[in-house]
Amino acid sequence: QVRLVESGGGLVQAGGSLNLSCAASGRTFSDFTMGWFRQVPGKGRDFLATISWSGSRRYYANSVKGRFTISRDNAKNTTLLQMNSLKPEDTAVYYCAASSQLQPRADAGWYNYWGQGTQVTVSS
């Protein structure tokens, strides 16, 4: 079992930045591919970014490429999502997720474990 806890969400003005953090516990963190998703009410979870266990492979959704950066620190059991140039349409609940599969993928079904989410609100 893996427990994931997100933090760092909040209210920010358009054009601003936020850094989300996801702390993992329960199993060896470097065994897992990590991902970030977001969800708005009434819609499914949208893929944002994923990173392989070593950090050597990173993939992004087109909607956030160039604005968001995913990283991980296996020594600290943490994955981060740095978000810059935020837009009102980035408003959502943000989730981190862990997959026991080695290949990073954008499919939410690929991920075994999920955090409880953290709210990000971008005002115009």
Side-chain angles (χ1 to χ4, degrees):
Q1 189 73 13
V2 174
R3 182 168 182 256
L4 304 173
V5 179
E6 302 97 336
S7 61
L11 174 64
V12 64
Q13 287 189 331
S17 299
L18 277 177
N19 294 327
L20 303 184
S21 179
C22 175
S25 60
R27 286 180 59 182
T28 304
F29 182 66
S30 58
D31 286 346
F32 292 89
T33 292
M34 299 300 296
W36 283 95
F37 292 76
R38 68 187 179 192
Q39 187 172 24
V40 297
K43 294 189 176 182
R45 290 186 183 180
D46 290 332
F47 166 75
L48 298 175
T50 182
I51 186 167
S52 63
W53 70 272
S54 66
S56 62
R57 290 174 290 167
R58 310 180 194 200
Y59 305 105
Y60 297 91
N62 288 336
S63 60
V64 304
K65 196 175 296 183
R67 299 190 299 126
F68 291 10
T69 302
I70 189 171
S71 61
R72 67 188 295 161
D73 185 336
N74 288 341
K76 297 182 179 179
N77 293 349
T78 301
T79 186
L80 302 176
L81 186 68
Q82 295 175 276
M83 307 187 294
N84 297 321
S85 303
L86 284 163
K87 306 173 183 180
E89 52 264 42
D90 292 318
T91 295
V93 177
Y94 284 66
Y95 297 90
C96 74
S99 171
S100 56
Q101 304 296 325
L102 291 178
Q103 176 64 35
R105 287 194 178 181
D107 182 3
W110 194 243
Y111 294 81
N112 312 90
Y113 304 99
W114 293 83
Q116 82 289 349
T118 186
Q119 176 71 45
V120 171
T121 302
V122 184
S123 62
S124 57

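This is a predicted model, so every value here is computed, not measured. Quick note: numbers below take in every heavy atom, side chains included, and nothing from hydrogens, waters or symmetry partners.
For Asp31, the side chain to side chain contact (heavy atoms under 4.5 Å, CB included) partners two or more places apart in sequence, or in a different chain, are Thr28. Judged as a side chain to side chain donor-acceptor pair (under 3.5 Å), and not counting sequence neighbours, the contacts of Asn62 are Lys65. Residues satisfying the side chain to side chain contact (heavy atoms under 4.5 Å, CB included) criterion with Thr78, sequence neighbours excluded, are Ser21, Lys76, Leu80. Take Ser7 and apply the side chain to side chain donor-acceptor pair (under 3.5 Å) test, not counting sequence neighbours, and it matches no residue. Looking at residues two or more places apart in sequence or on another chain, you find no side chain to side chain donor-acceptor pair (under 3.5 Å) involving Arg27. Under the side chain to side chain contact (heavy atoms under 4.5 Å, CB included) criterion, Ser56 pairs with Ser52, Ser54, sequence neighbours left out.
Here the straight-line distance linking atom CD1 of Ile70 with atom OG1 of Thr79 works out to 4.5 Å at 0.5 Å rounding. Here the CD atom belonging to Gln119 is positioned 9.5 Å from the CG atom belonging to Leu11, to the nearest 0.5 angstrom. We find the CG-CG distance between Asn19 and Leu81 to be 8.5 Å, quoted to the nearest 0.5 Å. Note that OG1 of Thr33 and CD of Gln103 are 7.5 Å apart. Values are rounded to the nearest 0.5 Å. Separating the CG atom in Leu20 from the CD atom in Gln82 is a distance of 10.0 Å, to the nearest 0.5 Å. The structure places OH of Tyr95 at 13.0 Å from CG of Leu4, a figure rounded to the nearest 0.5 Å.
Of all non-hydrogen atoms in Leu18 and Val12, the two that sit nearest each other are CD1-CG1, 4.0 Å. Residues Val120 and Met83 come closest through the heavy atom pair CG2-CE, 4.0 Å. Scanning both residues, Asn77 and Phe29, for their nearest heavy atoms gives OD1-CB, 3.2 Å. When all heavy atoms of Glu6 and Gly115 are compared, the closest pair comes out as OE2-CA, 3.2 Å. Residues Tyr111 and Trp114 come closest through the heavy atom pair O-NE1, 3.6 Å. Nearest heavy atoms, Tyr60 versus Phe68: CE2-O, 3.2 Å.
For Arg57, the CZ atom counts as densely surrounded, since its 6.0 Å shell holds more than 12 non-hydrogen atoms of other residues, nucleotides or ligands.
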Donor-acceptor contacts, no H, no angles, side chain residues 34-41, under 3.5 Å, sequence neighbours left out:
residue, atom, partner, partner atom, Å
Arg38, NH1, Asp90, OD1, 2.8
Arg38, NH1, Tyr94, OH, 2.9
Gln39, OE1, Arg45, NE, 3.1
Gln39, NE2, Lys43, O, 2.8

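Residue pairs that meet the disulfide (SG to SG under 2.5 Å) test with at least one member in residues 80-124, sequence neighbours left out, are Cys22-Cys96. Sorted by first and then second residue, the disulfide (SG to SG under 2.5 Å) pairs involving residues 35-69 (not counting sequence neighbours) form an empty list. Sorted by first and then second residue, the disulfide (SG to SG under 2.5 Å) pairs with a member in residues 33-86 form an empty list; sequence neighbours excluded.
Apart from Tyr59 itself, the hydrophobic cluster it occupies contains nothing, where clustering links Ile, Leu, Val, Met, Phe, Trp and Tyr at side-chain heavy-atom distances under 4.5 Å. In the hydrophobic clustering, Trp53 connects to Leu102, either directly or through intervening members, whenever side-chain heavy atoms lie under 4.5 Å apart.
Residues Phe32 and Ser99 have side chains not in contact (no heavy-atom distance under 4.5 Å, counting atoms from C-beta outward).
In this structure, the side chain of Ser85 does not engage the main chain of Gly15 through any donor-acceptor pair within 3.5 Å.
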